[in-house]
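These notes are about the structure you will find just below.
Just so it is clear: chains get the letters A, B, ... in the order the sequence lines come, proteins before strands, and each one is counted from 1.
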There are 2 protein chains.
Amino acid sequence: MRRSERKREVPDLGILSSRTLFSVQKELFSRLSETGHSQVRPRHGAVLAYLDVEGSRASDLAAQSGQHKQVIGTLVDELVALGYVERQPDPADRRAKLIVPTELGRDHMVKSDAILVEMEAEHARAVGEEAYAEFKRVFQLVAERQTRTK
Amino acid sequence: MRRSERKREVPDLGILSSRTLFSVQKELFSRLSETGHSQVRPRHGAVLAYLDVEGSRASDLAAQSGQHKQVIGTLVDELVALGYVERQPDPADRRAKLIVPTELGRDHMVKSDAILVEMEAEHARAVGEEAYAEFKRVFQLVAERQTRTK
DNA sequence: CGCATTTAGTCACTAATTTTGACCGTCACT
DNA sequence: AGTGACGGTCAAAATTAGTGACTAAATGCG
């Protein structure tokens with residue numbers, strides 16, 4: 001059997017992750033753009049995906065998303081311009097600034113969380129609720145292990 | 001519970017895929033560079049991951065990797081310069097060219113396949129062989145479903 | 001306290017990557 | 001022969017990623 005064929009029939013962990021990631025992103029942002037968030041692109045996910053309603057620090061977002069803090073900086077600039085977040089001084093640390101979602105930003109967060117939940121619910125329905133729950137459980141373990149041993 | 005905390009404890013499918021993809025890539029290419037393939041970067045994976053020993057067409061690689069064919073073109077240029085692949089005319093279609101791995105390219109392919117297998121074997125050992133096999137089975141279904149409904 | 005070190009964030013710059021549109025030659029079908 | 005689709009490349013624009021240096025504030029320590 002050809003290698004390309006084998007990769008198609010028995011994809012490795014990297015291929016599965018990559019295919020899943022990019023098609024999840026594609027569906028998510030295409031559906032978000034239908035609900036009024038057409039200006040936000042996947043890369044803004046590094047901020048919006050981890051943002052707290054109470055506000056988050058840029059360096060926390062950098063750590064969680066795995067991006068450099070300079071990247072977070074420009075993403076926040078763009079999201080400020082689009083009206084999704086605001087920069088506020090952090091009362092606990094005068095060096096830091098809190099990135100706080102606006103009403104629009106909170107709407108985006110709520111909707112994208114809901115779309116993700118819905119997408120996963122459809123998969124669960126298709127493969128079986130129990131099988132999907134077990135899949136998520138093991139996936140989380142694998143992701144943690146893999147991240148650690150990098 | 002804060003949203004960022006919840007995302008950490010119960011990551012969604014996109015977050016899990018992204019974390020897994022990037023740490024798999026990081027480990028794979030760092031180990032490859034220790035075995036003499038230090039010039040090859042993750043993005044070349046779009047070509048090398050799906051390449052057949054018999055040679056593959058650029059447009060097949062584009063379709064399988066999800067990249068534009070222009071991207072495949074530049075990746076192939078770089079891999080040719082590095083001595084990993086050659087362009088040969090496709091006997092079956094005079095428009096097309098076959099991307100064929102050289103000896104060096106085949107070595108890369110064999111080694112990266114082996115490293116991936118090894119990495120997965122370690123996960124399987126940690127979470128249980130059976131659980132891991134079931135995880136892979138469901139992951140493949142989910143990836144297929146997700147790719148289809150994009 | 002006073003000094004060195006670390007941390008949060010930004011600025012400015014450079015390199016790399018992705019995306020677009022047009023283009024040529026070949027194929028498949030009529 | 002004529003037409004539309006396909007395989008691949010070129011060139012340019014737009015987006016994204018990576019570096020080094022810098023300010024201000026917090027932290028640690030003698």
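- Spacing between atom CD1 of A/Ile72 and atom C1' of C/dA8 amounts to 13 Å, rounded to whole angstrom units.
- Rounded to whole Å, the distance from CG on B/Leu75 to C1' on D/dG8 is 14 Å.
- Between the CG atom of B/Asp93 and the P atom of C/dA28 there is a distance of 7 Å, rounded to whole Å.
- Against DNA chain C, the stretch residues 37-53 of chain B makes heavy-atom approaches under 4.0 Å through B/Arg41, B/Arg43.
- In this structure, B/Asp12 contributes its side chain and A/Leu116 its backbone to no donor-acceptor pair below 3.5 Å.
- In terms of heavy-atom proximity, A/Leu98 sits nearest to A/Pro91 at CD1-CD, 4.3 Å.
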Any N/O pairs under 3.5 Å between the protein and nucleotides 19-24 of chain D? List them or say none.
{"residue": "D/dG20", "atom": "O6", "partner": "A/Gln70", "partner atom": "NE2", "Å": "3.0"}

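- For residues 15-62 of chain B, the set of pairs meeting the ring-ring contact (aromatic ring centres under 6.0 Å, His included) definition, not counting sequence neighbours, comprises B/His37-B/Tyr84, B/His37-B/His108.
- Residue order along DNA chain C, read from the 5' end via each residue's closest nucleotide, puts A/Gly73 first among B/Ala92 and A/Gly73.
- Here C/dT26 presents its P atom at 14 Å from CG of B/Asp90, a figure rounded to the nearest Å.
- With A/Thr20 contributing its side chain and B/Ser17 its backbone, the two residues share no donor-acceptor pair below 3.5 Å.
- Residue B/Tyr132 is grouped with residue A/Phe139 when hydrophobic side chains (ILVMFWY) are merged at heavy-atom distances under 4.5 angstrom, including chains of intermediate members.
- Summarising the geometry, the separation between CD on B/Gln25 and C1' on C/dT17 is reported as 14 Å, rounded to the nearest angstrom.
- Side chain of B/Ser59, nearest nucleotide from D/dG7, D/dA17, C/dA8: D/dG7.
- As a whole-Å value, the separation of B/Gln67 CD from C/dT20 C1' is 15 Å.
- As a whole-Å value, the separation of B/Leu98 CG from C/dT26 P is 17 Å.
- In this structure, CZ of B/Arg57 is placed 13 Å from P of D/dC6, rounded to the nearest angstrom.
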